[in-house]
Amino acid sequence: MYGVGILKGLGITLKHFVDTYVDDFKWGIRRYTSDEGFTARQGLETEGLFTVQYPEEKIAVPERFRFVPFLVVNDQDHATEPDADWCTSCGICAKVCPPQCIWIIRSTDPDTGRPVPQPKDFFIDIDICMNCGFCAEFCPFDAIKMDHDYELSDYDRTSTHIYNHAKLAKPLSYWQMIAPSRAEQERLSREADEAAKAARKRK
Amino acid sequence: MADPTPAIHNPDYPIPEELRNNIAITTLDRIYNWSRAKSVWPMLFGLACCAIEMIATAAARYDPSRFGMEVMRPSPRQCDLMIVSGTVTKKMVPQIVRLYNQMAEPRYVLAMGACASGGGPFKEGYNVVDGIDKFLPVDVYVPGCPPTPQALLHGFITLHEKIESQSITTVPWYRKGESEAIPVPILGPDLIDLRQASLINYMSTQTPEPPQPAAAAEEPVAG
Amino acid sequence: MTDTTSETVHSATDLLFEKFGDAIQADDREGYEGVIVSSDQLVDVAQSIRDDLGYNLLTNLSYVDYLADDFFEVVYHAYRVPAGGPPLTFRARTPRNEAILPSLTGVWPSADFQEREAWDLMGIRFAGHPNLKRILTWEGFEGHPMRKDWREPFYEEDNKPFKTRWPGGEVDRAEMRVPYGMNVQYPAGFTVDGYSPEGDAALYAGLAVPESASGIGVQQIKTDQLVVNLGPQHPSTHGVFRMTVTLDGETITRLEPVMGYLHRNHEQIGERNTYLMNMPYTDRLDYISSMANNMAYAITVEKMLGQEVPYRAELLRVLMVELTRIVNHYWAIGFLLNDLGAFFTPSLYAILERELVLDLFEATTGSRMMCNYMRFGGVAYDLPPYIGGPAVKPGDRARELDTLQFLNDLVFERLPRSLDELDRLLTTNEVIITRCKGVGVLPADVAIAYGATGPVLRASGVPYDLRRADPYSIYNDLDFDVAVRYNGDTYDRYLIRMDEVRQSLRILQQVVPMLKETAGEDYWAGKRPYNVRVPVGEHYGHHENPKGELGFHIVSDGTANPYRYHIRAPSFINITPLEEMCRGSKIADAIIILGSIDIVLGELDR
């Protein structure tokens, strides 16, 4: 009979409409206030409306999330070298960057003129960066990481969108906060490397 | 209870607590901007990858109707906001400028993503415009490649803040006279920005040099 | 690949040697395959390849500039459809200073747009081509940019990485270097005064309909045909696509797709890049199915490298690619309905399911859309233990969903259920049936002639799927059917996508348990270098993308950068029969026919 298909379809739409309220009744206010409610709303059981009420609530991004890169430096309360760069200005990130948006000036010793493993300055043009994550992936020193801060909108780009070293440097504790398990994993593998190195030296 | 509409209240005039929900004292600017900011209609106009994230933003999960922005109009005459969502190519830019000229004032431009802001990863390409701000006045830049829907929503909020900071006495669209249209670029041997015509004519009298490799600042040292 | 299949190619070329003798030459360069055909006999040889040898689908036409040897080479790849097997490669050469070759549009109409592209970007003329205009740039553009001696305005160096970046990397914006402050350059002596652009004059001249003979009747009624431009800014052209349509009343008499509005120079940038750098650029080809693009590129380069891939990496790849296929087909169906006028409700349901899959992509790879997941020899990351992340920002809400549980629920419950729902919502809807059935019919032989692949070809009754026709990865071990529908109309192109989602779910239901079994195994073999060097040679690698066959034709000269990086984009070729499908339909049908082809501009214009 003509029209049955349309009615069946409209039934689906109605079901979606009703489902929102069914879930609201089931969960009550906890659907919007509790973390379990949020997980259920943003997981596979979700039916009906599943809006994230940005900016009041935001989906926490996963640890591997990648936005514009940043440079890891020591924490301010580091015992021996506060704020010291992890970057050795080896240039691998600049070489592997697909759109070539990284510029590095390597430091030189003022007396000898020899290069020093430390960047004098470091630039990333975030209007070119494609957030591919290669720099972080291939950095042998865990010194460049992908940031999780995506709220970067502003009114001007010429003065603000080339990030220099001062703007890129963020302490290790920040990385440990946004990606705890990855930071821990990297720490363990660094320690293992150092132990292996020390063992080789002893021989 | 939190102030339901903080944007329109004028903080200079304290209202007694018991009247807070019944009375609002405001200025003309505030109510003008409040009403404008809460109904910014974007243009239904996608260019590239970012357009997909724009559509994802317009869908149920991020729901821009919470900001009064769900009405996307394909006609520039009915829009307040042009979201330049993606790579602007030389072949496309005449149409974009024409669309912008057809929009009624007040109009805003939001450059979404690295490509629209500054060319992005495709900047070096021969058919790519290195940023829509070479042609249009951009109000908000949203970095990212592509910006996630939440980043785009943050861009919308940034735009609202800009709208709310404007004053009815100084905005250009109530001044006398017509606002000047941006000349539509033409596609010649390469893209021709008519505002640059005299520079192009001057440069062509000089002997043009083919692009040369940029000189390395210093020989790379192994190590 | 088995020996028997490559034998068929060899026996085929033997037949050609027999028949054409001196006109055919074996390509004895190291790492190359196929035959070189002398240009004056090219059409005859092509005819014979199609009719005698049965290679009936010309899939790819690539062009290479051998600057040092002073010739252009056009490389053709043809398939046997639906029998399958590897492609037959044949090539023709032409001197650089006077580049002209006979057009193959008479033999394979699928050569139409590809020859125009070769003319546009490389400056090779094709004698006998009916409409040899620029396709990706515009009429009047100066030069042919894919030539090795052409330099773009923001030119820095021939190859990446650029030397200015390190160790003395004073930051500069490219626009500071060039005289105009913009990404433009003009020929010597060019002045703006008095310059009149060619514009669309050639396009409209081509569409002009001769004054029709006087009508039969008592009165001569003056009728006129109307040229209508749809796009590039149009809500239903899926991006910045433009169709110039000639209408007689409401009926389409001519239609010409105009493209290039998103031509982002993937190929030229790709030749500056190193092999690895191209991986994130492939994400931006078909930006709805970036995982599948990664896969196509990875298997092409791996074939050249002779690199093996660990089993778990293959499983992860298949998992991601099939999820991508589902996402893409959901998206395509949702937006086909959009084009039909069901504004946004079906799309919203499709996007809901897509968001769930994207959560997995984001947790695994770090990005929702631009996954950049695959590497030569494996994948970049294993599955994460949890989907979700720690709450950091004010307002952040943390989620912790067990990944394997999530995958299990997704492919065994959620997606099958939502697909059934979509089926009930749309398939029997009378309006959809009326609008779609019998609209935009593409018969099987026409589809093959025009080089259509993917769902467009399979909806026309040709069971041709590269996952079965020329198997790669672990598809041979997986149990699934090649979906096929027989009417070739818009409704079948809708149904075939539903069928393919079901088959993809079948694959996923086999893959997910295997992922559990192989947990902890190696997912990336080898040393993970960032500067891969590919042996000298040439390879055409292909993959069944959700939209059709995505191919990469890569020529390596042994350096760190590909010498030639050509992309055979499914949307670009699938759009070739658009005029054929639309002619005689109403203007409103053109929109849904376009929607049912499912194009994406990122790869159509590249």
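Keep in mind the model is a prediction, meaning the values are calculated, not measured. Chain A is the first sequence line, chain B the second, and so forth, proteins listed ahead of strands; every chain is numbered from 1.
Contact annotation for C:Asn531: neither backbone nor side-chain heavy atoms come within less than 4.5 Å of a heavy atom of chain A. Heavy atoms closer than 4.5 Å to chain A are found in the side chain of C:Leu401, but not in its backbone. For C:Thr365, the parts lying near chain A are the backbone and the side chain together; criterion is any non-hydrogen pair under 4.5 Å. Proximity to chain A (any heavy atom under 4.5 Å) is shown, for C:Arg424, by both the backbone and the side chain. For C:Ser367, the parts sitting under 4.5 Å from any heavy atom of chain A are the backbone and the side chain alike. With a 4.5 angstrom heavy-atom cutoff, C:Asn273 touches chain A only via side-chain atoms. Both the backbone and the side chain of C:Leu352 come within less than 4.5 Å of a heavy atom of chain A. If you measure heavy-atom distances from C:Thr364 to chain A, the contacts under 4.5 Å come from both the backbone and the side chain. Of the atoms belonging to C:Leu356, it is side-chain heavy atoms, and not backbone ones, that fall under 4.5 Å from chain A.
The heavy-atom pair separating A:Met130 from C:Arg284 by the smallest distance is O-NH2, 2.9 Å. Contact record, A:Ile104 with C:Trp166: CB-CD1, 3.8 Å, taken as the closest heavy-atom pair. Nearest heavy-atom pair, C:Glu430 versus A:Val4, reported as atom, atom and distance to 0.1 Å: OE2-N, 3.3 Å. Closest heavy-atom contact between C:Pro390 and A:Met177: CG-O, 4.0 Å. Residues C:Val171 and A:Trp103 come closest through the heavy atom pair CG2-CE3, 3.6 Å. Between C:Arg173 and A:Thr158 the shortest heavy-atom distance is NH2-O, 3.8 Å.
Few gaps surround CZ on C:Phe344; more than 12 heavy atoms of other groups in view lie less than 6.0 Å from it. Annotation: A:Gln53, atom CD; neighbour count of heavy atoms from other residues, nucleotides and ligands within 6.0 Å is above 12. More than 12 heavy-atom neighbours from other residues, nucleotides or ligands sit within 6.0 angstrom of NZ on A:Lys15. Crowding of A:Tyr32 atom OH: a count of heavy atoms from other residues, nucleotides or ligands under 6.0 Å exceeding 12. In the displayed structure, A:Phe17 atom CZ is contacted under 6.0 Å by at most 12 heavy atoms of other residues, nucleotides or ligands. Taking a 6.0 Å sphere around CZ of A:Phe25, one finds it holds 12 or fewer heavy atoms contributed by other residues, nucleotides or ligands. Few gaps surround CD on A:Glu191; more than 12 heavy atoms of other groups in view lie less than 6.0 Å from it.
Taking the six-membered ring for Trp and thresholds of 30 and 60 degrees, C:Tyr349 and A:His16 have nearly parallel ring planes, at less than 30 degrees apart.
In this structure, the side chains of C:Lys393 and A:Asp149 come closer than 4.5 Å at one or more pairs of heavy atoms. In this structure, the side chains of A:His148 and C:Val392 stay at 4.5 Å or more apart for every pair of heavy atoms. Looking at A:Gln42 and C:Arg397, their side chains never come closer than 4.5 Å, going by heavy atoms from C-beta outward. By the 4.5 Å heavy-atom criterion applied to side chains, C:Glu156 and A:Gln100 are not counted as neighbours.
Note that the CZ atom of A:Arg64 and the CD atom of C:Glu362 stand 12.0 Å from one another [nearest 0.5 Å]. To the nearest 0.5 angstrom, C:Asn429 atom CG is 8.0 Å from A:Leu10 atom CG. Remark: A:Lys95 NZ to C:Tyr530 OH distance equals 4.5 Å, nearest 0.5 Å.
When each of C:Ala398, C:Pro384, C:Gly388 is checked for heavy-atom pairs under 4.5 Å with chain A, C:Pro384 comes out on top. When A:Leu7, A:Asn164, A:Val52, A:Thr13 are compared by the number of non-hydrogen pairs under 4.5 Å with chain C, A:Thr13 comes out ahead.
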